[in-house]
Amino acid sequence: MSKKPSIPKGTRDFNPEEVSKRNYIFNVIKETFSLYGFQPIETPSFENSETLMGKYGEEGDRLIFKILNSGDYLSKVDEKVYSEKDSNRITPQISEKALRYDLTVPFARYVVQHQNEITFPFKRYQMQPVWRADRPQKGRFREFYQCDADVVGSTSLWQEVEFVQLYDAVFSKLGLKGVAIKINNRKILSGIAETIGAEDKLIDFTVALDKLDKIGEEGVKKEMREKGISEAALQKLQPLFSLKGCNDEKLTSLNGLLGGSQLGMAGVEELRFITRNIKTLGLQTASLEIDVTLARGLNYYTGAIFEVSAPSEVNMGSIGGGGRYDDLTGIFGLPDMSGVGISFGLDRVYLVLEELNLFPETVSENSKALFINFGEKEAVYAMKAITNLRSVGIKAELYPDATKMGKQMGYADKRNIAFTILAGEKEMEAQSYTLKNMKSGEQSQMDFPELEAFLKS
RNA sequence: GUGGUUGUAGCUCAGUUGGUUAGAGCGCUUGAUUGUGGUUCAAGAGGUCGCCGGUUCGAACCCGGUCUUCCACCCCA
């Protein structure tokens, strides 16, 4: 057993069926991105460490896969640093490159680097794997795909409106009904922190608030107290926990709560614009819900924050997220470039569709028909037909060996090929083919035009 | 990073207080069936019990370490 080869923790192999299903999701997302005017780019799977390090917080830095330098990398290490055995200080000396951790930061780097060639607003999509040195668990892998669409160079809230539509379009096409797109605004979170006098504890405050649906009101309050948020502040926060009703009602309540905060009010206005227009335009199957407890990616979001959760019955966490960041390219020296984007987690969407049995049967990239091999002369006859079928786009193949028929049938059966075609001496004489439906067992003899027409339908 | 969990045939799993030769179902191969698969029947192949070490007359079973699986927390897609 131990001698068997294996793959690293948190990685996966994909069999033909799985790849077909993944491609199906991939294509739906790609087509939708394209339909909304986004254009594809790709970036390298690894970047210079300084491009990535420090962009995702302390936790993120730990999760970045570092690539060891080539050659005698230890010889260049500073003696003193080496003797101290401090990993954090040695790492930059032995590793100058790191695997891509997400698609947003490389995109920011791309925009800054290519700013003179880019026409703004720039709408790009990108669907590539990313790597994180996380401990794997349900729906969490060390190598997984993200599908991102972002716009940079426009502060228009119509972008946010379109992203909500885009989420709705993709999940509707995938047959994932009733998805809730949750939306919040970083400005509201800052505004609340301001009103309760906890600006300096914004991160602690939002991280705790984010857990509301998991640990409940009391749990959140307990965590906030532990982080040093005063009892008076918690008192002021009370209306937040009982925020109810439709989006409009929530916004009205928030207005009251945020009375003193200009920033908070601005956030409310932004949300009002988005929800109002979505209401006017309508959504196919998804719904848009304001959720003030939503607090993701605070490291760079400055305006709207999106999150799409998997349906509650599958227990998967978020399958997509995004938001607006006013200053993403600032860290690379290009200030005042506002951007907004969303991301789909391909692997999690896959797990959700699989669990809910939502993959259409037609995603298979399997052959439509297998020709039985009766020997050399018959194989030539079959190959002529196969060549013609392929030229009109019908997937067909010949069983490579002239073995016993039972074996060839069994092969078609196991590969789930819908039809087998018998072309032996009998058929050759009549210039015909015997087509067998592997599901029903029915057989019928026909000439080539009939065969082609049948397989094409 | 913290806590737990798992590992026995290709797959899913049994395996007694530590005791001869480690089992089942499914799958696989062959045959019944020389132009018919999925059903049935018969026969057969297949395992260094994750790995390393320890305790013991004796270990799949007990102990330690290690890797792996899955799960929760943290964080995230």
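Throughout, a chain's letter reflects where its sequence line sits, starting with A, and its residues are numbered from 1.
A 4.5 Å side-chain heavy-atom check between A:F144 and A:R348 finds every atom pair outside the cut-off.
If you check every strand for non-hydrogen atoms under 4.0 Å, A:E59 touches a base. Contact annotation for A:L422: base contact, defined as any heavy-atom pair under 4.0 Å involving a base atom. As judged by a 4.0 angstrom heavy-atom cut-off over every strand, A:F141 is placed among the base-contacting residues. Nucleic acid contact for A:K426: base, since at least one base atom lies under 4.0 Å from a heavy atom of the residue. Here A:K439 lies in heavy-atom contact (under 4.0 Å) with a base. Counting non-hydrogen atoms under 4.0 angstrom, A:Q408 reaches nothing in the nucleic acid. Residue A:G320 is in sugar-phosphate contact alone, with no base atom involved, counting any heavy-atom pair closer than 4.0 Å across all strands shown.
For a distance-only test at 3.5 Å, the side chain of A:R132 fails to qualify as a donor-acceptor partner of the base of B:C76. Residue side chain A:R415 does not reach the base of B:G37 through any donor-acceptor N/O pair under 3.5 Å, judged by distance alone. Side-chain atoms of A:E427 come within donor-acceptor range of the base of B:G35, with a qualifying N/O pair under 3.5 Å. At a cut-off of 3.5 angstrom, the base of B:U36 holds at least one donor-acceptor pair with the side chain of A:K436. A donor-acceptor contact under 3.5 Å is formed by the side chain of A:D413 with the base of B:G37.
Side-chain contact check for A:R135 and A:Q137: no donor-acceptor pair (N or O, by modelled atom type) lies under 3.5 Å.
Side chain of A:Q146, nearest nucleotide from B:G35, B:U29, B:A77: B:A77. When the nucleotides B:U68, B:A77, B:C75 are ranked by their closest atom to the side chain of A:K9, B:U68 comes out on top. Taking the side chain of A:F374 as heavy atoms from C-beta on, and the options B:C74, B:G35, B:C28, the nearest nucleotide is B:G35. Of all nucleotides listed (B:U29, B:C76, B:U36), B:C76 comes nearest to the side chain of A:R140. Counting only heavy atoms from C-beta on, A:R135 has its side chain closest to B:U2 among B:U36, B:G37, B:U2. If you check B:C75, B:U36, B:G1 against the side chain of A:M409, the one that comes closest is B:U36.
Nucleotides B:U40 and B:G23 place their C1' atoms 25 Å apart, quoted to the nearest Å. Taking the C1' atoms as reference points, B:G27 lies 22 Å from B:U36, given to the whole Å. Comparing B:A59 with B:G19, their C1' atoms sit 10 Å apart, to the nearest whole Å. With P as the reference atom, B:U20 and B:U6 are 25 Å apart, rounded to whole Å.
Summarising the base pairing, B:C62 is matched to B:G54 through a Watson-Crick or G-U wobble pair whose two defining distances lie under 3.5 Å. Both distances falling under 3.5 Å, in either a Watson-Crick or a G-U wobble arrangement, occur for no nucleotide opposite B:G18. For B:G25, the paired nucleotide is B:C11, the pair qualifying as Watson-Crick or G-U wobble because both relevant distances are below 3.5 Å. Within the shown strands, B:A32 is the pairing partner of B:U40 under the Watson-Crick or G-U definition, both distances less than 3.5 Å.
Across the interface with RNA chain B, nearest-nucleotide mapping of A:I7 and A:K214 shows A:I7 to be the residue nearer the 5′ end. Two residues, A:F344 and A:A423, neighbour RNA chain B, and the one matched to the more 5' nucleotide by heavy-atom proximity is A:A423.
Put simply, A:Q137 has no side-chain N or O that comes within less than 4.0 Å of OP1 or OP2 on B:C70. Close to B:U36, at under 4.0 Å from its OP1 or OP2, lies no side-chain N or O of A:K407. Considering only side-chain N and O atoms, A:K404 lies nowhere under 4.0 angstrom from the phosphate OP1 or OP2 of B:U36.
In this structure, the aromatic ring of A:F144 is positioned over the six-membered ring of the base of B:A77, centres within 5.5 Å and planes within 30°.
One distance of note links CG of A:L240 with CG of A:L234; it measures 11.0 Å at 0.5 Å rounding.
Each of A:K201, A:K211, A:K214 was compared with A:E223 under the salt bridge (Lys or Arg N to Asp or Glu O under 4.0 Å) criterion, and only A:K211 meets it.
Taking the centre and axis of the six-membered ring of A:F65, the NZ or CZ atom of A:R132 falls outside the cone set by 45° and 6.0 Å. Judged by the 6.0 Å distance and 45° axis criteria, A:R124 is positioned over the aromatic ring of A:F107.
Of all the heavy atoms in A:A402 and A:G375, the pair that sits closest is CB-N, 3.7 Å.
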